[in-house]
Structures are given as structure tokens and as C-alpha cells.
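A note on names: the letters A, B, ... follow the listed sequences, proteins ahead of strands, and every chain is numbered from 1. Every value quoted in this text rests on a predicted model; they were computed, and no experiment measured them.
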Amino acid sequence: MISLNDQYSVAILKTVFHSLERSISRAVSNYLQTNYAVDVPVTTEQPKQSSFGEMALPVAFQLAKQLKKAPVMIAKELAAGLSGQIEGVAAFEVANGYLNVRFDRGWFAREILTGNGFETQEFSIRKTIVEHTNINPNKAAHIGHLRNAILGDTFVRMMKAMGTRVETQNYIDNTGVQVADVVAAFHFVEKKTAAEVAELAKQPRFDYLCWDLYSKVAQMEEVKGWRTETLHSIESGEGALSEMGHVVADAIVDCHLNTMLRLGIQYDVLPRESEILHLKFWANCFELLKEQKAIYFENEGKNKGCWVMPGSAFRENAGEEDSKVIVRSNGTVTYVGKDIAYQLWKFGLLGKDFYYRKLRTYPNGSVCYVSTATREGAERVQFGGGTSVYNVIDSRQSYLQDVVVAGLKALGYPNQADKSIHFSYEMVALTPRTCVELGIELSEEDKTKTTVEMSGRKGLGVKADDLIDQLIERAQVEVDSRHADKSKESRTKVAEQIAVCSLRYFLLKFTRTSVIAFDLQEALSFEGETGPYVQYAAVRANNILRKVATLPDFKAVLPEEVLRTVLETEDLWQLLLDISRLESVLEAAVKSGEPAALAKYAFQLAQGFSKFYHDYRVLDEADEARRNVLLWMTMHFAKQLEKTLNTLGIAVPEYM
RNA sequence: GCACCCGUAGCUCAGGUGGAUAGAGCAUUUGCCUUCUAAGCAAAGGGUCACAGGUUCGAGUCCUGUCGGGUGCACCA
């Protein structure tokens, strides 16, 4: 049995495919320079049909005009000139003006097998900061929050797999109106004391209790007055309401961390708004903004008495009315103002820092820290000061993100402004069918729509833990019926792994710009393009490997000629080619910031293997050489798919 | 009113830097378990890539406009 547990290594291995791709485009480029004296970028692409070979170069089309020759002629000359010049290339062919490349299949497979031609990539010293999750600590997390956290967490894993140093932050707004509303509900409606709330907060699903309370109080007329009083207490940091605010926020943050941990999501540090206030981060930022004249004091109009940022800073054709208030006429700072200060801190530009204490140690041993306001009891750790910052925030907040970036620019930090990336994504909405299933009453207007937006205020949404529970329950039924012989403990573990996989894949398979119309039945399915389908392929591959007492020494028993002969079979060759594309796909997915690309790749790999599994009976193969190739491919597949799944935050179960 | 996103099969969605016959899953119909696990495999039907112009040897992809749908434009976060 091979070890399938290797975590991504510090340096990444580049595939043979990658290297070959580069040596081909370099050779073509050189040839064009010496023989035609032209300098054009040589791009490669994957042919639509496998019968055209492994790689296609449309370079002849680009040159047709410049050289005043027909594309077919150019391509033919290139094919003739380059023939036999590149190691690993069996032949060049010309079709429809394309220069198509056929790999030497035996060479290619042997390179993968022996690990020749692999190169290491340098490990980055610069730090990238990714901020995600950021749920208001006043109610249970819902599936919209899950999209954020899973997207962020997966992107972090992808960058780490590429060798990037990443710090994961989860910002906690523990002093805002959302928390205040729940505190007001406890105090004014439920008539609870801080001690009583602290007692309630001990129950595991305190976040559910607050979910209901919040939607109740948010719709009450009196809430405005209560909110003001509560906010005042929270901001001053004194009084029973303030104490209750801390109790509520801390308990709910704990609930959120538990929910996220169920999905394998962890954080390095939780910077909190309360510390931003108490350590007066804003004061520094305010001085900087005034010095640089990034904001001005408004003497007239609707914003009279406020410090505002001119609309022209973040918007084209902006008028006076587009100005954004940074400091209110009563002297308090807005959310955007605080966010500019926070963003400066992330880049190490604020000249101030938090103190930290341990919040929890995760089962894998890593520690999650939380900000504190005092030096006493603080740990000697350092966070922030990144060279690029990704803020995973839904697209509805792009306007505010633009203002923050404009603030950085106005302060004289154009580089940091460029490195401030709003990793935006569209929201998760519910299908009307799902609303009906959940017993949510719809207005006449909502019934006609294709999707219904979730709302914490209205208590309208699918809670994260509820969905995870349902998925586990469903997986458990399947696992129990298939593997009655296994222990209860082991079956539960497998069911959980399947549930997590199902959920993560479901939220990852959509591209970021697509609004997810959440359909409960679709999300609960384990067939077709789902996470469990992909896991199943990995499990089947491992089953084959497990049944072999000792795997042969593939390097010894599989010379190039044997590989070449067996890989003449087209579908085997295509599968091997697909398996070897992982690093290229990962690189492109990180570059475009699209985890969905990696998820889709995992699915395609699984599809390819499922077909292979059906068409070839590896263990029954009579021809020993052929059997060894099939076994090797199975092992190679299992490794590469497991690596892909790990990067997606998905585990491969022992059995399914 | 202004800004951003979306419009591809009945439904839900993929389609890097323009390239060859536009792809998956679901649903529908039909085959395949005495087999390394059927959470699987195979086959069929299903398309004016919203519409109209433009750029190009070549456009689902780039540009402009129109029409639909979503979101944002607070002294809330």
C-alpha cells in the first residue's frame, strides 16, 4: 500500500507536460528567429480533438500576413525544420494550418515514472494575506457564509500548493449594530442579565438561539432606540450592555470556528474591531488621511460637518453627491474609515499593531490567535505586514472596496492599492422550491422569481450546521447499508468525510461570477457531478492497489518500450495525459483566482478513471507487462487525484 | 439616473491570453451487476451561444448598441 498522505511539499514539482510545453514553444520561437527573423510569442493550446495530437500551435495563422504566405505552407516548413529536433516529440503534423505535435508516449511516461525533467520552484519569502469568513458574530452561519469561507480556504490551499506563504485572517466585527441588536434583544425584550446570557451562551447551539432572536428584534419598531443605547455602551466599553456584547460575540465566534472546523477551515489570526477601537488604529489613519489631503472637511450641503473623501477618488465622472463620508458630523468614524485603517495595518503601513493571545489550538496542532488590547499575557507573535492582500467579500460590497483602495492610493501607496485584491463572488440565493421545503413563506413577488435572496434580518436562510447535519445523515445511510461490517466509529468518520466533500465541491463548482441558486435536493445529491463521485473514483483506485500484496518496482519493470507499446491504446494515453496536467491547471486556477477550475479538473480526472476502471480489469490482466502499466497508472492517478482533493480541502475516505 | 455582474440544451452550469465538429451534470428514453464496489459505465434525443451591428483570415470569447435578469450607489456594517 502506498502512502497517500503526503501533504504538499514546500517546493512544487513541475510536470513533464509543463517542461515539454516550454521546450517546444522555445524551440519554435528560436526557429522562427533564425530562419524568418521574426519575433512572435508562441502560444500552445490543447487540440479540440485528441486525434490531432497532444499539443497544437496556431503560430502559422499569426505569421501568415507578416510572411505573406499561406498558413499551411508556413506550418509545413516548421514541421519539416523542427522534425527530430526536440526530445520527447515523436512528430510534427500539419492540419488545417495548425502545427500539431505528437508526443513520444514512451518517453513521456518514462519521464514521469523516473521523475527526470522535474524542477523545483523557489519558495516565496513574501507573505500573502487572505481575509475570509468575516461573519458578524450575532447569529448562526448560513450557506452564503459558507461560500465565502470555502472559497477563501480553498484559494489559500491552492496558493500554498504553489509554494506561496499565506496568512489567513478572519475579521470579527464584535462592536457593530448587528451584535448590538442581539444584545438589545436579550436586555430589553428577554430581560436577561449579562450573567444569565453567559449561562445561555454555554449551550452548543447558542448561535441558533441568537438567529431567532435577531430576526425577531430586527423587525421591531423600538429597535432603533435600543440599538443606539447599546452601541454607545459597547463603544465606551463600559456597563452591563457592553459586557453582554462581549459575551455574545465571543460565544458566537466560538460557534463559527466550530462550524468551520467541521469543514476543515482554520485561521491564523482573528483581528477584532474592539481592538481597532481601543488601540486607536483610526487615530493614526485619520492623521495620515488629513496630512495627505485625501479627505476634507465639508462646510455645506448634505454632508455638512463631516470629513469626506471626494467621489473623484474612486469613481469616474463623480459629482459632489458621490462623496463618501469617512467621519460623521458627530465625530465617529464610519465602517469604511475603519477598513482603510485595517487595510493599512495588513500592509504594515499603519505604524501600530495588535497584541495577541491564543484563542484555540486546532487538532492538527496549529494555533489560532485573537487580537487583544493589552500587552499583559500577550504572546510574542507577529501578524500582518503582507505584500499582497486578498479580501474575500461578496460582490455587493465592491463599491466600498473601491473606496478603501482609493484611500490607499490617496495616501501615496499605489503599489499596495494595486495589491489589494477584492476577491469577489456572487451571492447564494435560494430557489423557491427550496424555500417551500424549508417551510419559508414567500411573498407573491418572490414566488415569481427564480431565486430568493437570503436575509439574516428576516431569519431567511439555510443554516450551515443544519445543512452539514443533513448531508452527514444522508451519507450515513449509504455507508451503513454498504459496509455493515465496519465499526460504527469508522462509518461515521467516512460519512462525515463524504458530507464535507459534497458540500465543498458543491460550493466550488460554480465560478465566482455565478449567482448560486441553492437547491436543497441538488445539494444533497451524491451522483453525477458531485464531490462523492470524485471521492469514489479515488477510493476505487486505492482498492485496486490495496489488493496487490506488493507493488512491483515500476522503474525496473517498465522500460520505455513497454510503456510505448501499451500507451498506443488511445484512451490509456489520454488518461495519462490528463493526470499529468494537474500543475498546469493549478497554476492557471491560481492566476485567474478561480478555484472552480481546479474542482472541474478533479471531476474530469475522476470521469477519466471511472471509464478506465470499467474498461480495464487491472488485476485480471494476463499480460504481465501490460498489467504493470495499468497498475502504475492506477497508482499515479490515485496520487494525483488525492493531491488535487487535498488542495480542495477534501479527504479520501478509506472505503465508500 | 449612474456603476458592476449575468444571459450557452427542458433545468443547473463549464467553456485561460479570439482558432478545428460548442461541452458536462441533472431530467427523459434504453442497455450493462456470477466482475478490482452500480455513489459506476455505455447509448439516444435535446443548441439561431438573448438580439443587432462592428473588428478579424477566423468571434460563444473582443468592441458598440438594444432587450431581459440580478446587485450596488447611507452620517448601517
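- Taking atom P on both nucleotides, B:U56 is separated from B:C63 by 16 Å, rounded to a whole Å.
- Base pairing of B:C33 is not made with any nucleotide, judged by Watson-Crick or G-U wobble geometry with both donor-acceptor distances under 3.5 Å.
- Between A:R482 and A:E478 there is a salt bridge, since a side-chain N of the basic residue sits under 4.0 Å from a carboxylate O of the acidic one.
- Of the possible donor and acceptor atoms, one in the side chain of A:N174 sits under 3.5 Å from a partner among the backbone N and O of A:S274.
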Please tabulate, one pair per line, each protein N/O and nucleotide N/O from nucleotides 40-50 of chain B that are separated by under 3.5 Å, including the distance.
| unit_1 | atom_1 | unit_2 | atom_2 | d |
| --- | --- | --- | --- | --- |
| B:G40 | OP1 | A:G528 | N | 3.3 |
| B:G40 | O2' | A:R540 | NH1 | 2.9 |
| B:G40 | O2' | A:R540 | NH2 | 3.4 |
| B:C41 | OP1 | A:Y533 | OH | 2.5 |
| B:C41 | O2' | A:H614 | ND1 | 2.9 |

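- Of all nucleotides present, none satisfies the Watson-Crick or G-U wobble test against B:C49 with each distance under 3.5 Å.
- A salt bridge links A:E529 and A:K600; the closest N-O separation between the charged side-chain nitrogens and carboxylate oxygens is under 4.0 Å.
- One interatomic measurement links the two molecules: OH of A:Y399 to C1' of B:C5, which rounds to 18 Å at whole-angstrom precision.
- Nucleotides B:G7 and B:C51 place their P atoms 13 Å apart, quoted to the nearest Å.
- The same atom, P, is picked in B:G23 and in B:U30; the two are 27 Å apart, to the nearest Å.
- The side chain of A:V325 approaches B:C75 more closely than any other nucleotide in the set B:U37, B:A39, B:C75.
- Side chains of A:R546 and A:N543: a donor-acceptor N/O pair is present below 3.5 angstrom, by distance only.
- A:Q178 has its CD atom 6 Å from the C1' atom of B:A77, to the nearest Å.
- A cation-pi arrangement is found for A:R512 relative to A:F423, the charged atom lying closer than 6.0 Å to the ring centre and inside a 45° cone about the ring normal.
- A:H232 NE2 to A:T332 OG1: the interatomic distance, rounded to the nearest 0.5 Å, is 11.5 Å.
- No contact: A:S481 has no heavy atom under 4.0 Å from any strand.
- Between the side chain of A:E453 and the base of B:U71, no donor-acceptor pair of N or O atoms lies under 3.5 Å.
- Between the CG atom of A:D394 and the P atom of B:A77 there is a distance of 17 Å, given to the nearest Å.
- The distance between the ring centers of A:Y533 and A:Y536 does not fall below 6.0 angstrom.
- Closest approach to the A:K547 side chain among B:A39, B:U37, B:C57 is made by B:U37 (side chain taken as heavy atoms from C-beta onward).
- Residue A:L400 contributes atom CG, which lies 7 Å from atom P of B:C73 at whole-angstrom precision.
- Under the Watson-Crick or G-U wobble criterion, with both distances below 3.5 Å, B:G7 is paired with B:C67.
- One donor-acceptor pair, N or O on each side, does fall under 3.5 Å between the base of B:A20 and the side chain of A:N100.
- When the C1' atom of B:U71 is taken as reference, atom CD1 of A:I516 falls 16 Å away, rounded to whole Å.
- A:F506 and A:F518 have perpendicular rings, their planes meeting at more than 60° on a 0 to 90° scale where under 30° would count as parallel.
- Of all nucleotides listed (B:G72, B:A20, B:G70), B:G70 comes nearest to the side chain of A:K449.
- Distance from the side chain of A:N136 is smallest for B:A77 among the nucleotides B:G15, B:U37, B:A77.
- With rounding to whole Å, A:K324 atom NZ is found 8 Å from B:C73 atom P.
- Between A:F603 and A:Y505, the ring planes are tilted. Angles from 30° to 60° get that label.
- In this structure, A:A537 reaches neither bases nor backbone, as no heavy-atom distance under 4.0 Å exists between it and the strands shown.
- Nucleotides B:A3 and B:C41 place their C1' atoms 49 Å apart, quoted to the nearest Å.
- With B:U12, B:A39, B:A77 as the candidates, the nucleotide lying closest to the side chain of A:T334 is B:A77.
- At whole-Å resolution of the value, CE in A:M656 and P in B:U37 are 14 Å apart.
- In this structure, A:E235 places its CD atom 9 Å from P of B:A77, rounding to the nearest Å.
- Here A:S398 lies out of heavy-atom contact (under 4.0 Å) with every strand.
- Summarising the base pairing, B:C62 is matched to B:G54 through a Watson-Crick or G-U wobble pair whose two defining distances lie under 3.5 Å.
- The nucleotide B:C13 finds its pairing partner in B:G23, both defining distances of the Watson-Crick or G-U wobble pair being shorter than 3.5 Å.
- Nucleotides B:C75 and B:C11 are separated by 42 Å at their P atoms, to the nearest Å.
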